[in-house]
Amino acid sequence: MIWLHRYAKLVAASTVLLIAAGGMVTSTGSGLSVPDWPNTYGWFMFSFPMDKWVGGILYEHSHRLIASTVGFLTVILAIWTWRVEPRAWVRRLGFAALGAVILQGLLGGLTVLLLLPAPISIGHAGLAQLFFCITLTLALVTSPSWNAPQAPVPVDDAALRRVATTTALLIYAQILIGATMRHTGAGLAIPTFPLAFGQLLPPVWTPAIAIHFAHRAGALLVIGAIFATAVHVWRHHRGRRELLRPAMLLVLLVCSQATLGALVVLSGLHPVVNTAHVVNGVLVLGTALVLALRAHRIARVPTVAGAQAQKAITDTGSQSALDSLQGLGGVRE
């Protein structure tokens with residue numbers, strides 16, 4: 001099982017790379033540098049000559065190659081999970097990842113063929129984040145620290161579950177607003193920072209200004225939610241490293257994200273800064289997700305060991321299987 005965990009981490013890391021490549025495509029305006037799909041100027045994607053990888057073609061074609069690789073890795077992940085994972089919900093999660101990556105590829109193709117329609121481009125960006133969350137969840141729930149029988153007793157803190165889940169959802173909503181801003185060309189609708197045209201509120205309103213301002217307002221909500229989560233963990237669970245470390249990392253990442261957001265505006269949407277903002281946003285979401293999942297790690301979600309023992313009871317109904325379960329300390333995460 002340790003190798004499945006390591007492989008799931010590889011897929012999650014590859015997804016971050018894929019999102020970074022997609023960010024560069026959008027930031028450099030290279031989305032239509034390769035106008036056909038799934039081929040590249042009539043060439044089979046993997047045989048396109050490297051001497052033609054110039055300008056925007058480099059970003060778009062590289063993005064397609066990385067996406068194809070991630071798709072292939074996900075096929076292996078789904079099959080591997082189905083074959084060796086005893087927990088049905090984890091097996092289903094593996095195939096959810098496969099379905100998401102297939103849909104993501106189709107949305108990517110439609111984005112090109114339909115000449116970058118904003119709704120599809122935004123959906124493409126939003127689904128990428130969900131796919132990353134699925135792969136990250138697989139990496140977490142297949143880890144030894146999650147499944148070991150001697151793992152620490154899960155924290156049963158309803159307040160922590162609420163605040164951590166709310167924070168993760170707010171971050172995802174903020175990412176969707178950011179994607180809307182990027183794909184509707186509203187990134188510089190308010191070209192000043194921290195004030196909007198020298199005022200707290202924009203003196204005039206247009207759809208682009210409203211989207212941009214909503215992203216700034218959303219950033220304040222996310223920062224507040226993250227600090228509330230971190231304070232709760234620090235006050236009530238500072239002895240639990242599995243909770244404290246992601247909480248403190250969240251604070252660092254959101255400070256970096258706010259700084260990068262300011263630099264995006266002040267640099268006039270510099271592609272590298274813009275893409276760094278996108279990638280850091282992925283890391284913020286992923287860290288919040290890990291914290292939320294660990295907050296929800298309570299007795300109703302069985303570990304691998306517990307699932308195996310439960311399956312033995314179901315299949316055989318033997319007293320020995322029951323003794324095995326009791327020897328594991330019951331069904332726990």
Show the nearest heavy-atom pair for residues Leu188 and His212, with the distance to one decimal.
N-ND1, 4.3 Å
Using side-chain heavy atoms (C-beta onward) and a distance below 4.5 Å, is Pro246 in contact with Arg294?
yes
Show every donor-acceptor pair shorter than 3.5 Å between a side-chain atom in residues 56-63 and any protein atom, with sequence neighbours excluded, or say none if there are none.
{"from": "Glu60", "atom 1": "OE2", "to": "Arg64", "atom 2": "NE", "distance (Å)": "2.9"}
{"from": "Glu60", "atom 1": "OE2", "to": "Arg64", "atom 2": "NH2", "distance (Å)": "3.4"}
{"from": "His61", "atom 1": "ND1", "to": "Thr40", "atom 2": "OG1", "distance (Å)": "3.2"}
{"from": "His61", "atom 1": "NE2", "to": "Met45", "atom 2": "O", "distance (Å)": "3.3"}
{"from": "Ser62", "atom 1": "OG", "to": "Leu58", "atom 2": "O", "distance (Å)": "2.6"}
{"from": "His63", "atom 1": "ND1", "to": "Gly22", "atom 2": "N", "distance (Å)": "3.3"}

Does one side chain, of Thr165 or His296, offer a donor that lies under 3.5 Å from an acceptor on the other?
yes
Given side chains that start at C-beta, do those of Ile19 and Gln129 come closer than 4.5 Å, heavy atoms only?
yes
Assess whether side-chain contact (heavy atoms from CB on, under 4.5 Å) is satisfied between Phe46 and Ser68, documenting all intermediate values.
CA-CA 10 Å; Phe46 290 94; Ser68 299; 3.6 Å; yes
In short, Gly105 meets Trp37 closest at the heavy-atom pair O-CZ2, 3.5 Å
Taking C-beta and beyond as the side chain, do Val265 and Ile190 meet within less than 4.5 Å on heavy atoms?
no
Is there a donor-acceptor contact under 3.5 Å linking the side chains of His5 and Asn147?
no
Minimum heavy-atom distance between Tyr7 and Leu73, given as atom pair plus value:
OH-O, 2.8 Å
Least distance between heavy atoms, Ile66 atom then Ala21 atom
CD1-CB, 3.8 Å
Does Asp36 reach the side chain of Val34, with side-chain heavy atoms less than 4.5 Å apart?
yes
For residues Leu263 and Leu269: do they belong to one hydrophobic cluster (side chain heavy atoms under 4.5 Å, members Ile, Leu, Val, Met, Phe, Trp, Tyr)?
yes
If two hydrophobic side chains count as joined below 4.5 Å and joins carry through other members, does Leu116 share a cluster with Val25?
no
Can you confirm whether more than 12 heavy atoms, excluding those of Phe197, are under 6.0 Å from its CZ atom?
yes
Please check if Ile171 and Met248 belong to a single hydrophobic cluster, counting links between Ile, Leu, Val, Met, Phe, Trp and Tyr side chain heavy atoms closer than 4.5 Å.
yes
Residue pair Asp157 / His237, side-chain donor-acceptor N/O under 3.5 Å
yes
Between Leu243 and Leu160, does a side-chain contact (heavy atoms from CB on, under 4.5 Å) hold up when you go through it step by step?
CA-CA 10 Å; Leu243 299 176; Leu160 176 60; 3.9 Å; yes
Any heavy-atom pair between the side chains of Phe227 and Val254 that's under 4.5 Å?
yes
Tell me if a side-chain donor or acceptor on Arg91 pairs with a main-chain N or O of Glu85 at a distance below 3.5 Å.
yes
